[in-house]
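Quick notes on the structure that follows.
Just so we're on the same page: letters track the sequence lines, and every chain starts at 1. Heavy-atom basis, side chains included; hydrogens, waters and symmetry copies ignored.
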2 protein chains.
Amino acid sequence: MLSKKTKYGLKALTFIVNSEGEKPVQVSAIAKNEQIPQKFLESILLTLRKSGVLGSKKGKHGGYYLRKEPHEILMTEVMRVLEGPIAMVPCVSLNYYEKCDDCVDEESCSVHMLMAKVRDSALNVFRNTTLADLSLKKTENILK
Amino acid sequence: MLSKKTKYGLKALTFIVNSEGEKPVQVSAIAKNEQIPQKFLESILLTLRKSGVLGSKKGKHGGYYLRKEPHEILMTEVMRVLEGPIAMVPCVSLNYYEKCDDCVDEESCSVHMLMAKVRDSALNVFRNTTLADLSLKKTENILK
DNA sequence: GTAATTCCTATTAAATTGATAGGAATAATA
DNA sequence: TATTATTCCTATCAATTTAATAGGAATTAC
């Protein structure tokens with residue numbers, strides 16, 4: 001299951017894209033429009049800022065903004081920050097590899113083999129989708 | 001993350017395939033060889049039996065066996081039984097669809113769009129992988 | 001009738017997730 | 001400078017899910 005954290009994070013990012021302008025977008029505005037518990041959202045946006053996807057401005061008229069253009073923000077990055085490793089098992093993770101304690105021979109492990117394929121297929125999606133794609137409405141996608 | 005339940009289940013199924021013969025395979029043998037807590041494994045195999053993937057024989061010399069040929073057992077079926085819906089969010093699930101309470105318009109929801117792609121890519125893997133594929137060693141896979 | 005097995009239900013422990021609380025730090029502006 | 005609006009930080013809590021264990025009933029082979 002996709003965590004609420006990731007779901008909220010994706011919605012928030014999309015909202016920020018669609019609020020395009022120079023002014024930073026406030027947590028309260030996102031929370032209200034996207035129906036996300038504000039305090040929870042705060043912590044999510046903070047994570048996204050710490051990872052470098054978002055920038056922020058403190059104090060009155062503060063808020064969050066994108067550090068890169070939407071089309072430069074890959075889902076690989078966003079998903080790793082919000083949801084964690086893309087691989088479903090550490091032994092096929094590219095960025096967070098860990099050997100299984102059980103599993104004598106990785107090369108002949110049925111789980112390993114299957115999960116490597118799943119990882120590749122997910123990576124293929126995330127590498128070819130940017131935040132710009134997410135913020136397109138379906139009708140726009142059809143035209144595209 | 002892949003649950004231990006699924007991981008153990010896949011390993012157990014592979015073990016049963018590789019123990020090919022007419023005799024049913026006992027939980028104790030699988031547990032020992034695959035390093036799986038026996039009682040936990042019992043409940044997993046029971047689930048697989050109830051779903052129709054495995055058959056069982058009770059009593060002395062009892063055990064579990066496949067109900068179909070390995071190449072007829074698709075990963076879509078196994079994964080749904082063990083891990084649950086393949087979709088990461090209910091609103092893109094083919095078999096367990098549920099509308100989101102939030103989300104006014106599904107067609108323009110960024111999460112929906114992305115997760116539908118991920119679901120399709122995972123389905124593509126699971127529909128094209130059978131238990132027979134899992135039980136091939138890597139070297140055999142290369143030759144294939 | 002005994003031993004070996006699956007089957008069933010209940011319980012527990014640990015980990016994770018989702019959410020809340022309270023206030024510190026910072027910045028704009030009146 | 002005082003006030004207000006905001007992000008930032010840490011801690012905590014509640015709910016859910018996962019992983020595992022326990023005990024014994026039912027069934028079958030011999």
Classify the nucleic acid contact of [X] as base, sugar-phosphate or nothing, counting any heavy atom under 4.0 Å across all strands shown.
| X | result |
| --- | --- |
| A/Lys4 | sugar-phosphate |
| A/Lys7 | nothing |
| B/Gln26 | sugar-phosphate |

Length of the [atom1]-[atom2] vector between [X] and [N], whole Å:
| X | N | atom1 | atom2 | result |
| --- | --- | --- | --- | --- |
| A/Glu42 | C/dA25 | CD | C1' | 13 Å |
| A/Leu48 | D/dT7 | CG | P | 14 Å |
| A/Lys5 | D/dT16 | NZ | P | 20 Å |
| B/Leu54 | C/dC7 | CG | C1' | 14 Å |
| A/Lys23 | D/dT6 | NZ | C1' | 16 Å |
| A/Tyr65 | D/dT7 | OH | C1' | 12 Å |
| A/Leu45 | D/dT6 | CG | P | 14 Å |
| A/Leu41 | D/dT7 | CG | C1' | 12 Å |

Which nucleotide in the list [options] gets nearest to the side chain of [X]?
| X | options | value |
| --- | --- | --- |
| B/Lys60 | D/dT28, C/dA27, C/dC8 | D/dT28 |
| A/His61 | C/dA28, D/dC8, C/dC7 | C/dA28 |
| A/Leu46 | C/dT6, D/dT7, D/dC8 | D/dC8 |
| A/Lys39 | D/dC9, C/dG22, C/dT6 | C/dG22 |
| B/Tyr8 | C/dA27, D/dA20, C/dA19 | D/dA20 |
| B/Ser3 | D/dA19, C/dG18, C/dT6 | D/dA19 |
| A/Ser56 | D/dT21, D/dT28, D/dC8 | D/dC8 |

To the nearest 0.5 Å, how far apart are [atom1] in [X] and [atom2] in [Y]?
| X | Y | atom1 | atom2 | result |
| --- | --- | --- | --- | --- |
| B/Met115 | B/Ser93 | CE | OG | 13.5 Å |
| B/Leu82 | B/Leu2 | CG | CG | 9.0 Å |
| B/Leu45 | B/Ile16 | CG | CD1 | 6.0 Å |
| A/Tyr8 | A/Ser43 | OH | OG | 11.0 Å |

Counting just side-chain N and O atoms, does [X] come under 4.0 Å of either OP1 or OP2 of [N]?
| X | N | answer |
| --- | --- | --- |
| A/Arg49 | D/dC8 | yes |
| B/Lys50 | C/dC7 | no |
| A/Lys57 | C/dA28 | yes |
| A/Tyr64 | D/dC8 | yes |

**Prompt:** Should we count CZ of A/Arg67 as having more than 12 external heavy atoms under 6.0 Å?
**Reply:**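 No, the 6.0 Å shell around CZ holds no more than 12 heavy atoms from other groups.
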
**Asked** If each of A/Lys58 and A/Thr6 is mapped to the nucleotide of DNA chain C with the nearest heavy atom, which maps nearer the 5' terminus, i.e. the 5' end?
**Response**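 Here A/Thr6 is the residue nearer the 5' end.
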
**Item:** Donor-acceptor side-chain pairing of A/Ser3 and A/Glu83 below 3.5 angstrom
**Value:**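 Judged by distance alone, the side chains do pair up.
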
